[in-house]
Amino acid sequence: MHTPSHGTPGAGRDSYEPGSTGLLKAMSPGVVDFLFRQLVAGRPAEDIQWEREGISLSSQPEGAELARRLAETDIDALTPLELFHYVRAAQRLADWAEGLRQAAVGRYCHAPGEVPREGGGPGA
């Protein structure tokens with residue numbers, strides 16, 4: 001039996017071919033796999049399990065543990081919401097590391113107890 005595909009966005013055969021601009025092209029293989037597993041198990045498509053497994057990336061304090069978690073994450077398997085939180089956590093970590101770097105440079109450039117002179121140059 002042939003079911004007409006007109007009138008339904010993305011319902012035609014072309015939406016599944018390589019190079020198409022359909023919905024599946026915008027979804028990573030990890031997201032498609034997750035959604036398929038949720039559908040087969042009869043669970044909703046929204047992933048809430050990660051919230052029950054411990055501290056979320058958005059709540060993880062900056063430091064070595066956050067860096068380890070970010071480095072070990074398979075970003076291709078993240079949902080769009082999880083990817084958003086991943087990017088925000090990575091930015092927080094980068095800002096924190098930059099603060100450490102600036103403090104170290106300040107310490108390196110000035111001896112303990114020395115007050116930096118105005119003008120920045122020697123003899124100023």
Side-chain angles (χ1 to χ4, degrees):
M1 179 174 155
H2 175 69
T3 305
S5 63
H6 65 283
T8 307
R13 184 178 63 88
D14 293 339
S15 65
Y16 296 104
E17 289 183 0
S20 78
T21 58
L23 176 63
L24 291 179
K25 184 175 180 182
M27 297 170 61
S28 73
V31 171
V32 172
D33 181 56
F34 167 77
L35 292 173
F36 179 74
R37 286 183 282 122
Q38 292 293 94
L39 176 68
V40 168
R43 293 189 299 257
E46 186 174 314
D47 184 11
I48 57 172
Q49 179 65 32
W50 62 272
E51 293 175 344
R52 295 185 217 136
E53 294 178 354
I55 190 166
S56 66
L57 283 178
S58 59
S59 300
Q60 179 76 50
E62 295 83 5
E65 180 63 15
L66 179 58
R68 181 197 64 77
R69 290 182 63 193
L70 291 171
E72 292 177 357
T73 299
D74 177 9
I75 61 173
D76 289 332
L78 298 178
T79 64
L81 179 61
E82 291 169 335
L83 186 58
F84 174 79
H85 288 294
Y86 179 93
V87 169
R88 289 191 61 194
Q91 184 60 54
R92 282 190 305 110
L93 184 64
D95 293 344
W96 175 77
E98 178 62 16
L100 292 177
R101 187 193 69 79
Q102 288 179 1
V105 167
R107 174 87 175 178
Y108 179 78
C109 292
H110 305 289
E114 178 185 330
V115 176
R117 297 179 184 186
E118 293 296 320

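Note: hydrogens, waters and symmetry copies are ignored here, and every other heavy atom, side chains too, is used.
- Atoms CG and OH, from Asp74 and Tyr86 in turn, are 9.5 Å apart once rounded to the nearest 0.5 Å.
- The cluster map of Ile, Leu, Val, Met, Phe, Trp and Tyr, joined by side-chain heavy atoms under 4.5 Å apart, puts Ile75 and Leu66 in the same cluster.
- A 6.0 Å sphere centred on CZ of Arg88 holds no more than 12 heavy atoms belonging to other residues, nucleotides or ligands.
- Closest approach of Ser58 and His85 over heavy atoms only: CB-ND1, 3.9 Å.
- Going from atom CD of Gln60 over to atom CZ of Arg68 covers 8.0 Å, rounded to the nearest 0.5 Å.
- In this structure, Val105 is not a member of the same hydrophobic cluster as Trp96, with clusters built from ILVMFWY side-chain heavy atoms closer than 4.5 Å.
- One finds the CG atom of Leu93 at 12.0 Å from the CZ atom of Arg69 (value rounded to the nearest 0.5 Å).
- Contact annotation: the side chain of Glu65 never approaches that of Ile55 to less than 4.5 Å [non-hydrogen atoms, C-beta and beyond].
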